[in-house]
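Letters go in sequence order (proteins before strands), and every chain restarts at 1. Computed from a predicted model, the values in this text were never measured in an experiment.
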Number of protein chains: 2
Amino acid sequence: MADHSVPEIVIGRLPIYLRTLELFAKEGKTITSSQELGERLGFSSAQIRKDLSFFGEFGKQGTGYNIEYLQEQLREILKVDRVWGMALVGAGDLGHALAHYRGFEPRGFRLAAIFDNAPEKIGTRIGDLRVHAIADLPRVLREMKLKIAILAVPADVAQNIAHQLVEAGICAILNYAPLHLTVPARVKVYDIDPVVGLQGMAYYL
Amino acid sequence: MADHSVPEIVIGRLPIYLRTLELFAKEGKTITSSQELGERLGFSSAQIRKDLSFFGEFGKQGTGYNIEYLQEQLREILKVDRVWGMALVGAGDLGHALAHYRGFEPRGFRLAAIFDNAPEKIGTRIGDLRVHAIADLPRVLREMKLKIAILAVPADVAQNIAHQLVEAGICAILNYAPLHLTVPARVKVYDIDPVVGLQGMAYYL
DNA sequence: TAGATTGTTAATCGATTAACAATC
DNA sequence: TAGATTGTTAATCGATTAACAATC
């Protein structure tokens, strides 16, 4: 189960299923079906059943899926049945917004260290975290055994810092810098560039 | 050219090509090739040529692509050869970060109005924009003829506000709320949920 | 010219969906 | 039981890639 032959596009949908199950649970639902989930998300019910079938059998014929149980299973598959510490690099406006975001912890993530290179920021506190110098990246990341980093620095220094993150043992980077990072194949990168989204939509205007 | 039969997945890559061409130009390059672009981005050169071929012939055999010219063409195709005004709904931490972001304007977008429902925020200024009450959405959006909105409000009010945006004539929504919005088919939505990205990467840890 | 690279076709590859037996 | 929904197969659909003639 959950072997490496599961297509990446399937993995990418699981967090969306999980998020929607959490919403259903909050709405007081206890049971759902691939059809109901699909209608809410704009996916076909067949796709949802197929995606889940890569990992096991989680439903009951004639009834559907127990929401609580399917949430547990998806969290386990995605390895978010725990809380991952993350490094944040970049304490600008975006860095501050991320540092104050309350949505990480309930979904498996928590900021554990913040880095920036501006002398006036180093040593200050954001929430309950101290801002470290980027020179301290290797030491702090290894001490805290962090595997995930959020990159929220200007584009012109992002590739350089990405390299340092990889050197320091980071395996996954949430990249807010508006460029493609070149990293070793074993390192995962997920890009967030709002303008890419906006430009894609502008085509249809 | 540029008709509606171009796959959405192709449209989604054009902004990434454009972004990289801008980087190349900044690095002083004037010519590139599908191979060079592909190597930088991790795409095959064939894919890049095929994607571009939906819209015309922009290259020269034996030489490649003039970067300046291809940028112009992509901007025209994507309709970002102009600057689109956008409404921002939600003046929290994220809203402030977006309001201060300098990366929109050079790539075809500009915040034109900000809305929030907190009485203590209404009437205050963020940058050079006044914060309007959400009740003023229909009037202001129509007056300014805005077609694009950024939704940066808590999840529990996002669907309701999305509906108001659509009613007020919005055609494209950049959605930062962590849930799937239900909107008419003619309205485009692009979702940004950092936790979805993180959870997808956590699977591979 | 020789070398390089495009634009395009056809083949391959992979993802989605329709359909249905199994069964709750 | 009758109705509903799963998990899975096979068919369909769509996207990617390899290959190459055209040509700069």
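Applying the 4.0 Å criterion to OP1 and OP2 of C:dA4, one finds that B:Tyr65 has every side-chain N and O outside that range.
The partner of C:dG7 is D:dC20, judged by Watson-Crick or G-U wobble contacts that both fall below 3.5 Å. For D:dA15, the paired base is C:dT12 (Watson-Crick or G-U wobble, both distances below 3.5 Å).
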Notebook entry, point to check: Going 5' to 3' along nucleotides 15-20 of chain C, which nucleotides have protein heavy atoms under 4.0 Å from the base (write B), which only from the sugar-phosphate (write S), and which from neither (write -)?
Noted result: SSBBB-

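Rounded to whole Å, the distance from CD1 on B:Ile31 to P on D:dC24 is 15 Å. Regarding A:Leu70, its CG atom lies at a distance of 14 Å from the C1' atom of D:dG7, rounded to whole Å. Between A:Phe58 atom CZ and D:dT6 atom P the separation is 13 Å, expressed in whole Å. Atom CD1 in B:Ile48 sits about 16 Å away from atom P in C:dT8, given to the nearest Å. One can place CD of B:Gln35 at 17 Å from P of C:dG3, the figure rounded to the nearest angstrom. Rounding to whole angstrom units, CD of residue B:Glu57 and P of C:dT9 are separated by 11 Å. The separation between B:Glu36 atom CD and C:dA4 atom P is 15 Å, rounded to whole Å.
Checking D:dT8, D:dT6, D:dC24 against every side-chain atom of B:Gln61, the shortest atom distance belongs to D:dC24. Residue B:Ser33 places its side chain closer to C:dT5 than to any other of D:dT6, C:dT5, D:dT8.
A side chain to side chain donor-acceptor pair (under 3.5 Å) with A:Arg75 holds for exactly one of A:Gln71, A:Glu72, A:Gln73; it is A:Gln71.
For B:Lys60, the NZ atom is loosely surrounded, since the number of other residues' heavy atoms within 6.0 Å does not exceed 12. The environment of B:His100 atom NE2 is dense: over 12 non-hydrogen atoms of other residues, nucleotides or ligands sit within 6.0 angstrom. More than 12 heavy atoms of other residues, nucleotides or ligands shown are found within 6.0 angstrom of CZ on A:Arg82.
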Next item on the list: Start with the C-alpha distance between B:Arg107 and A:Asp193, add both sets of side-chain angles, then the distance that settles salt bridge (charged side-chain N to carboxylate O under 4.0 Å, His left out), and finish with yes or no.
Entry: CA-CA 12 Å; B:Arg107 296 168 73 194; A:Asp193 179 350; 3.0 Å; yes

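Note on B:Ser34: only backbone sugar-phosphate atoms sit closer than 4.0 angstrom, heavy atoms only; bases stay farther off.
In this structure, A:Arg40 and B:His180 approach most closely via the heavy-atom pair O-CD2, 3.0 Å.
A side-chain N or O of A:Arg49 and one of A:Ser34 form a donor-acceptor pair less than 3.5 Å apart.
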